[in-house]
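Values below: every heavy atom of this structure, side chains too, minus hydrogens, waters and symmetry copies. As the structure is a computational prediction, the values presented were derived from the model and not from experiment.
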Amino acid sequence: MAEENANIDGTLEEDEDESSDEPDIQLELTAFRARWMSELKPSSGASGAGDRLARAKGVRRTQEIAREEKATELFLRAVQEEQNGAVYEAIKFYRMAMQLVPDIEFKINYSRPADTDGGGGHFSEDSDADGEIEDLLAYFEQQLTLESSFPKICSPEFEMTQTHISALPREILMYIFRWVVSSDLDMRTLEQLSLVCRGFYICARDPEIWRSACLRVWGRNCTKLVPFKSWREMFLQRPRVRFDGIYISKTSYIRQGEESLDGFYRAWHHVAYFRYLRFFPDGHVLMLTTPEDPLSVVPRLRTRNPRMDSVLLGHFRLLQETDNQTKVFAVVCKKKEEAAEIARNRFYRRSPAPEAEHSFHVGLHLSTRGQQRFSKLVWIHHSCHITYKLTGETVITAFDLDKMYTPFFFARVKSYTAFSEQPL
């Protein structure tokens, strides 16, 4: 019995020793975890601070970019105002730009087109890249498809009691867009229309509209799209004359007058006159030489048959040379007199028919002026062809292109595209 009691006591003591060892292990594990966490805390704190610093730098960089873009826009606006002669307005915009970025003059990219009209998505015949446009088109089309299983071109923002334009079929809407472009190829208004909504943007990028516009300009010479990626890119990038305005050339010189009666002085006269060229998409061209200023002449050249006796009518064509230069050749002549009404009195006498016909052949080189594409025409040829009706003989007289043949510069006229006579 004594031995059994001793064995039992020994077993109890061993159990008590094992149970006493377990709290020690737990304490060691707790201490290890504490040391481990203490070692991790400094590193995590450093990474958190680094993330905050990187985030702050990103925000600061974004603000700098936005500030620089705004300063660039103001600086370009100031340059435009200075070119237009508004010096006071130019100084104001220069000051605003330099307050944002003091050295903006050295950071600016002068190849960036300025928005001269304050709208229209920078349609100065220079538009954004086709890659971006294709991505934007795909994005808009995807958004319209996800919104509804039967997507509409657009939807009214507010409740309406009348029929909204979104109720029209797509074919009718595209026909309206062709009326917007019209036979005058008013692509600027089409670009402005694309800013209304996503659906209008997609319709304004319809390839068939831009293809029809290219066919009107180049005809059989634009059957291939290469090297352009789209018909819109061809219309914007390929050299052509512009139809939404007029080309104006001003020539001035000093002419010596007659001597006074007493012989003490001799007058000098400053002579100035203008040449006007107005192109139409169907190949017609108007040419006028007059001392009248553009303010009085430009409105009268809006139609193809102006009521001006001195205007020359004709046709033009574009010719692209192998050296990638585009030339414009035109043949103009005085418009034929309409059949006069027979006078009621017996003293009426008809004017005799002309014995010869005069026509003028004009050759011009199309180039770019500053940021405006296809806005300059330089003289390369000018001649007069006289054809005698009795003999059929033609006499050609070529004029020397001296300093009196100043280049033509394009000026946009909004009234020329204010009305649509027929759709594209």
Side-chain angles (χ1 to χ4, degrees), residues 79-90 114 116-118 124-125 184-186 188 241-258 267-281 284-314 316 328 330-335 358 360-382 384 399-419:
V79 172
Q80 178 187 348
E81 295 293 343
E82 184 179 1
Q83 292 176 350
N84 295 336
V87 181
Y88 179 78
E89 296 293 331
T116 56
D117 295 330
S124 58
E125 308 291 340
D184 296 325
L185 299 185
D186 186 12
R188 178 185 291 272
V241 293
R242 297 183 59 176
F243 311 114
D244 56 343
I246 191 169
Y247 289 87
I248 304 176
S249 171
K250 181 181 179 180
T251 304
S252 60
Y253 60 93
I254 303 296
R255 181 176 62 84
Q256 186 178 6
E258 296 183 357
W268 292 85
H269 304 281
H270 180 265
V271 182
Y273 62 93
F274 299 86
R275 291 188 180 99
Y276 301 91
L277 274 177
R278 167 87 161 98
F279 297 97
F280 295 90
H284 284 81
V285 61
L286 303 179
M287 187 174 182
L288 175 64
T289 302
T290 176
E292 299 183 44
D293 59 350
L295 190 61
S296 59
V297 173
V298 168
R300 290 185 282 175
L301 296 179
R302 197 180 76 84
T303 62
R304 292 171 176 79
N305 297 309
R307 296 181 177 273
M308 300 178 68
D309 295 334
S310 55
V311 131
L312 301 178
L313 309 179
F316 76 95
V328 183
V331 178
V332 294
C333 60
K334 192 174 181 179
K335 61 180 180 180
H358 295 71
F360 297 90
H361 291 233
V362 176
L364 301 163
H365 173 248
L366 183 63
S367 60
T368 297
R369 178 195 180 193
Q371 298 173 351
Q372 294 185 354
R373 286 181 173 271
F374 328 129
S375 60
K376 184 178 179 181
L377 293 172
V378 182
W379 288 90
I380 58 176
H381 175 75
H382 189 205
C384 177
F399 301 103
D400 295 331
L401 301 180
D402 53 9
K403 61 180 180 179
M404 306 299 289
Y405 287 86
T406 56
F408 289 87
F409 296 103
F410 179 78
R412 180 173 170 254
V413 184
K414 295 182 179 180
S415 62
Y416 286 176
T417 55
F419 303 96

Can you tell me how far the OG1 atom of Thr303 sits from the NE2 atom of His284, to the nearest 0.5 Å?
-> 11.5 Å
Atom of Val285, atom of Ala330 and distance for their closest heavy-atom approach = CG1-CB, 4.3 Å
Please list, one pair per line, the donor and acceptor atoms closer than 3.5 Å that link side chains of residues 269-277 to other protein atoms, with sequence neighbours excluded.
| residue | atom | partner | partner atom | Å |
| --- | --- | --- | --- | --- |
| Arg275 | NH1 | Met404 | O | 3.2 |
| Tyr276 | OH | Glu292 | O | 2.8 |

Hits for side-chain hydrogen bond (donor to acceptor under 3.5 Å, both in side chains) against His365, two or more places apart or cross-chain, chain-then-number order -> none
Evaluate the side-chain proximity of Val241 to Tyr247: yes if any heavy-atom separation is below 4.5 Å, no if none is.
-> yes
Is any side-chain heavy atom of Lys334 closer than 4.5 Å to a side-chain heavy atom of Leu312?
-> yes
Is there a side-chain contact between Phe374 and Leu366 (heavy atoms, below 4.5 Å)?
-> yes
Do the ring planes of Phe316 and Phe279 sit parallel (below 30°), tilted (30 to 60°) or perpendicular (above 60°)?
-> perpendicular
Could you tell me how the ring of Tyr405 sits relative to the ring of His382: parallel (under 30°), tilted (30 to 60°) or perpendicular (over 60°)?
-> perpendicular
Between Lys376 and Val378 the two heavy atoms that sit nearest each other are CE-CG2, 3.9 Å
Side chain to side chain contact (heavy atoms under 4.5 Å, CB included) assessment of Leu301 paired with Met308 | CA-CA 9 Å; Leu301 296 179; Met308 300 178 68; 4.3 Å; yes
Interatomic distance, Leu364 atom CG to Trp379 atom CH2 [nearest 0.5 angstrom] = 6.0 Å
Taking C-beta and beyond as the side chain, do Asp186 and Tyr416 meet within less than 4.5 Å on heavy atoms?
-> no
Side chain proximity check, Leu286 to Pro306, heavy atoms < 4.5 angstrom | yes
With a cut-off of 6.0 Å (strictly less than), are more than 12 heavy atoms of other residues, nucleotides or ligands near CG of Asp402?
-> yes
Side-chain heavy-atom pair Arg278, Leu288 within 4.5 angstrom cut-off | no
When you measure from the side chain of Ser375 to the backbone N and O of Phe410, does any donor-acceptor pair fall under 3.5 Å?
-> no
For Glu82 and Ala90, the nearest pair of non-hydrogen atoms, with its separation, is N-CB, 3.7 Å
Over 12 non-hydrogen atoms of neighbours within 6.0 angstrom of CZ in Arg304 | yes
Tell me, yes or no, whether the heavy-atom count around Leu295 atom CG, taken from other residues, nucleotides or ligands under 6.0 Å, exceeds 12.
-> no
Are side-chain heavy atoms of Phe360 and Val331 found at a separation under 4.5 Å?
-> no
Looking only at heavy atoms, the pair that brings Leu401 and His381 closest together is CD1-N, 3.6 Å
